Amino acid sequence: MNSENPKKRIAIFGSTGSIGTQALDVIEANADKFSVEVLTAHHNDELLIKQALKFNPNLVVIVDENKYGKVKDALGSTDIKVFAGEKALEEVAAMDCYDFMLAAIVGYAGLKPTMKAIENGKAIGLANKETLVVAGDIMMRKAVENKVPVIPVDSEHSAIFQCLIGETRNRIEKVILTASGGPFIGRKPNYLVNVKREHALQHPNWNMGAKISVDSATLMNKGLEMIEAKWLFNLRPEQIQVVVHQQSIIHSMVQFEDGSIKAQMGLPDMKLPIQYALSFPKRIKNDFPRLDFRKISTLSFEEPDVKTFKNLVLAQEALNKGGNLPCVMNAANEIAVYAFLRNRINFLDMTDAIEKTMQNIAFIEKPTLEEYFESDGEARNFAADLIKL
Ligand code: NAD
Ligand code: MG
């Protein structure tokens, strides 16, 4: 280790997922710059053990307490500490053994540990968009209070973040979030009513976890990303536009007051925004495949079909109205996606469940963190009853 440039100590919350494993690939390729100090997993003990033996972190967390013994035994010959249970995520997030949290847990479950990390002054690389959808106002306020940078990992937001470098004094007119359209672009309700989890999990451009793959297929992912953009870049709802760009080459754009538009481009590969978040403000040389403009014949752009993909309308409403509505929408969506992934409801039922939940949970204009937790719980119960989970 170079004493002038000590390694950045990384905690990966959600290390066994799609983002987590790709982050470990990036760290492995840059072992002189980063060390892995914390790894966490929900159920996947086998992969967690493998990762721990390879990267030798300070500690690991297995959320599923039934797997504690197995992980403890497997790491018995090392000095890696093993923690278990949901509460341990928050405790570990508050520890001094790391500098930078890669928040790569999926869904609401990532909120409390990420909040703890911010309260303890840790820099955040944020993949877990749901945390900002649920409690973006409180999270960003706490980040400012604690002088904590929140660096986006989501490819669209990383693109916007990169476009804004050197533009601190210039006003944004709008951001243009690009959407691939997902695997069912061009399809109509009579087709969608019959699609099953296997179809929804096959995304044309990205290989991702199950929940975000379904969100991409329903366009809820883009809805969540609109709200994510609002909080990350302090935008008004009317400054956020979604455009379908099937090739996923332009990752998103920013239009400034003078009409000038900046775009960030590249081949679709999450390793790039992950690496950028880890190394920011520097860029690191890598050998990822390069985009060759001579080989692209078309970059297409179109309006999203909101008549078919109604989740985008619901998300727009949540974005406009604010308060606890995005939190309620997110909770209902998590329940609906869970049910769809288990073949309990069909593709279009997901939107119905989300819409009814949004209509039925009491609106709170300026929720406290406690009220966000309560709204999340109420919305989950309501949606689960509706679906008869
Ligand atoms: P994934 O399902 O592949 O992995 C999720 C990780 O979170 C796993 O390590 C799992 O063990 C952990 N986890 C799941 N439920 C948990 C719980 N209740 N408590 C604690 N840990 C839990 O998901 P992913 O695709 O890697 O996505 C992670 C986050 O990044 C999501 O918020 C997603 O929207 C966002 N994101 C992902 C991609 C992508 O390409 N995969 C792109 C942009 C943003
Ligand atoms: Mg994205």
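We use all heavy atoms of the structure for the numbers below, so side chains are in, but hydrogens, waters and symmetry mates are not. Counting starts at 1 for both ligands and their atoms, following the listed order. Just so we're clear, the structure is a prediction, and the values are computed from it rather than from any experiment.
The side chain to side chain donor-acceptor pair (under 3.5 Å) search around Glu225 returns Lys129, Asn221, Lys222, not counting sequence neighbours.
In summary, Arg344 and Asp349 do not engage in a salt bridge, as defined by a charged side-chain N under 4.0 Å from a carboxylate O. The pair Lys70-Glu46 meets the salt-bridge criterion, since a charged nitrogen lies less than 4.0 angstrom from a carboxylate oxygen. In summary, Glu198 and Lys196 do not engage in a salt bridge, as defined by a charged side-chain N under 4.0 Å from a carboxylate O.
Residue pairs meeting the salt bridge (charged side-chain N to carboxylate O under 4.0 Å, His left out) criterion with at least one member in residues 273-293, sequence neighbours excluded: Asp292-Arg294, Asp292-Lys295. For residues 99-123, the set of pairs meeting the salt bridge (charged side-chain N to carboxylate O under 4.0 Å, His left out) definition, not counting sequence neighbours, comprises Arg9-Asp99, Lys116-Glu119, Glu119-Lys142.
Of all N, O or S atoms in Asp154, the one lying closest to the Mg ion (ligand 2) is OD1. The minimum distance between the Mg ion (ligand 2) and any N, O or S atom of Glu156 involves atom OE1. Of all the N, O or S atoms in Glu225, the one closest to the Mg ion (ligand 2) is OE2.
Near ligand 1, Gly14, Ser15, Thr16, Gly17, Ser18, Ile19, Ala41, His42, Val63, Leu89, Ala104, Ile105, Val106, Ala109, Ala127, Asn128, Lys129, Glu130, Asp154, Met208, Gly209, Ile212, Met270 each place a heavy atom less than 4.0 angstrom from the ligand.
Note that Arg380 lies in the cation-pi zone of Tyr108, set by a 6.0 Å cut-off to the ring centre and a 45° limit from the axis.
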